[in-house]
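Note sheet for the following structure.
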Amino acid sequence: MPVWFNPARELDALLRKVAPSVAGFDADFNPELRPSDPRHADFQANGVLAVAKKAKGNPRALATALVDAVKATGELDEKLFQVEVAGPGFINFKLTPVALGAWLREYRDESKWRAGASRIMGGRKVVIDYPSPNTAKQMHVGHLRPIVIGEAVARLIEFCGAKLTRDNHIGDWGTNFGILILAIRRAGFKLDSQSPTALDDLERLYKEGSVLTKADPAALDAARAELAKLQSGDAENLALWEEIVKVSNTACQRIYDQFGLKTDVILGESFYRDKVDQVYSELKKVGLAEESEGALVVWHDDEPRFSRHAETPMPFIVRKKDGSSNYASTDLATLLYRAEYFKADEIVYVTDGRQQDHFQQLFRTGAKWFTATKRTLPRLRHVWFGTILGEDGKAIKTKSGDPVRLQSLIDEATERAFAAVTAKSPELSEAERKAIAKAVGVAALRYVDLASNRTMDYSFSWDKLLAFEGNTAPYLMYAVVRVRSIFRKNGIEVGKGEEGATDPETPTEIALARKLLGFTAALDLALEDLRPHHLCTYLHELAAAYGAFYAADTVNVDDPAVRARRLMLCARTCSILETGLRLLAIEPVERM
RNA sequence: GAGGGGGUAGCUCAGUUGGAUUAGAGCAGCAGCCUUCUAAGCUGCGGGUCGCGGGUUCGAGUCCCGCCCUCCUCACCA
């Protein structure tokens, strides 16, 4: 009998198959199979309780009958699973050491896991939209999340078999440019993209313009007028715009390089400048859009919040009253382009949670528009995240003083990591320590952002973002380093030296093995809602189980069978940790 | 007002869709562990009426109702 890659899934299927033949169970029986508290079992089926409640039967008797029927099929190898009815009527499945050993021998490396996972998305074409910053600004801590979460989500989707296109939909066609052009004009500034201070100059000018337009409505109108001029093809503004885009893209690229971010295409809002007219005309033609206060808007009367009759009406403004396009216009044009050009089956938008209303309106408008024009709408998902807050508990914003620059954060992380590695491993060369510091520093930043549920806000804190102990990236990377060190000292490759490995035996070996089997469940969980923190939680638990094993069970012992099985446990831990870290876009190191 | 997020240990957070005498981690605190594979580690201890009040049932941090606190969004920003 083969060893199941994903035992929970197989047990679930088996129970569903057998149950209808047992008195008291219906054809649509749901076993409610889930991972169990390890103190009790590996998996448990809770579904019998619901059946008993409905039929007013005795849950333990029903559970026992079901278990007997399952055993009678002979499809459940009792050398691998220990089955029992427990508590009020749970069915517990406990993996035996034989099963653990067999699984570890069979599912050895990333290719096996990838093969298993790739069935989930099965070649679907997915476009993922991230990190999509607004240009013309220096990148600050607020830009961390879309980069980090976007990359992790992208890798998860890709790992599960999607054909993925990463599209950096930069905001390069909006009012921020109007503000900047206005500020440049007023200051009489000559922008030169080659100048080394170009970015700082833009930063300063943007701040000035921002303050001005906030304080003076006339200035805001002037900024909008500059934008309208730009969008209608004014040569001067277009030339200025090109210079600004050049400066800010160069700056963004420097940050992306440090995060190892490589998007496949960069199709910013400006790319759609000649594609918005089609949106306007089609929406008008099918009766979705109408004029309101001079603007072109879409109402959704089927949703009270977006209805024209709402107390505070919130129309989807598709074209501004001065005729220029906005976020909604370009997003609709983008949606159409992704459906037609990229043939997307699915589009994933990774943005700040404050844009939820916008995306709900966009998705509703898209659905009605596509239906009316007989197009197929891709599955649309908004993967949103909470805000990084400042010390005042408010969102970090450019206007409120100087937010911490992303570059300073990277530099500080790298410096602290360098100090740490120098203190702990002074024997390494300076070049090695620098490379390690870079990897560890950026990894620490990433991991903090990924480790909590993405929908949560969190406050910015140097110490939090740069912690190197506990549930952090350095902890996980360190676990990898310790595993690799064993192999290096023994002069063998990871994955070698397992001949004659016996099944896990000591409590710490068994606990580690059980945790290793949990990888597939963790992946399923993280993919379901595209929440990478589930993967973080799992990796931390795995590293902790390894830590306990490492302290309790010496690998290099005289008994060859014991040594072989411990080397096997080490090798699996190493590859699952490395695979998991890479899914989070954290590159493990050999030493630290 | 409407919609959304959050309220769990001193702090930062998990809690797999209602499950198992005892609600979990990490920091911080206390006590131990380096002449053997990297101590960025390991072991143990202390610390919680899961915002408040009702309800549903064999069983609630999780579901329902009503309150309270907090953050975010709501007409031409993205």
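Chain naming here is simple, since letters A, B, ... match the order of the sequence lines and numbering starts at 1 in each.
For A:Lys94 and A:Asp42, the salt-bridge test fails: no basic side-chain N is under 4.0 Å from an acidic carboxylate O. Ion pairing between a basic and an acidic side chain is recognised when a charged N comes within 4.0 Å of a carboxylate O; A:Arg364 and A:Asp302 show such pairing.
For the pair A:Met314 CE and B:U73 C1', the computed distance is 7 Å after rounding to whole Å. Rounded to a whole Å, the CZ atom of A:Phe306 is 15 Å from the C1' atom of B:G1. In this entry the distance linking CD1 of A:Ile492 with P of B:C37 reads 16 Å, nearest Å.
The glycosidic torsion of B:U17 lies within 90° of 0, placing the base in the syn range.
Nearest nucleotide to the A:Arg305 side chain, out of B:A28, B:C76, B:G3: B:G3. Between B:A40, B:A75, B:C37, one nucleotide has an atom nearer to the side chain of A:Asn556 than all others, and that is B:C37.
By the 4.5 Å heavy-atom criterion applied to side chains, A:Leu283 and A:Leu332 are counted as neighbours. A:Leu523 places a side-chain heavy atom less than 4.5 Å from the side chain of A:Leu156. Two residues are said to be in side-chain contact when any heavy atoms from C-beta on lie closer than 4.5 Å; A:Thr455 and A:Arg531 meet this criterion.
A donor-acceptor contact closer than 3.5 angstrom is absent between the side chains of A:His534 and A:Asn453.
Side-chain N/O atoms of A:Glu541 and base N/O atoms of B:A25 include no donor-acceptor pair closer than 3.5 Å. Contact annotation: side chain of A:Asn92 to base of B:A20, donor-acceptor pair present below 3.5 Å.
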Protein proximity profile, nucleotides 10-17 of chain B - base contact B, sugar-phosphate-only contact S, no contact -, cut-off 4.0 Å on heavy atoms: --SSSSBB
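Taking atom P on both B:C27 and B:C64, the two are 36 Å apart, rounded to the nearest angstrom.
A search for ring-ring contact (aromatic ring centres under 6.0 Å, His included) contacts involving A:Tyr550 returns A:Tyr546, not counting sequence neighbours.
Under a cut-off of 6.0 angstrom, the local environment of CD in A:Glu427 is crowded, with over 12 non-hydrogen atoms contributed by other residues, nucleotides or ligands.
You can call A:His40 stacked on the base of B:A20; the centres are under 5.5 Å apart and the planes sit within 30°.
Consecutive Watson-Crick or G-U pairing (both distances under 3.5 Å) extending over three or more pairs maps onto RNA chain B as B:1-7 with B:68-74, B:10-13 with B:24-27, B:29-33 with B:41-45, B:51-55 with B:63-67.
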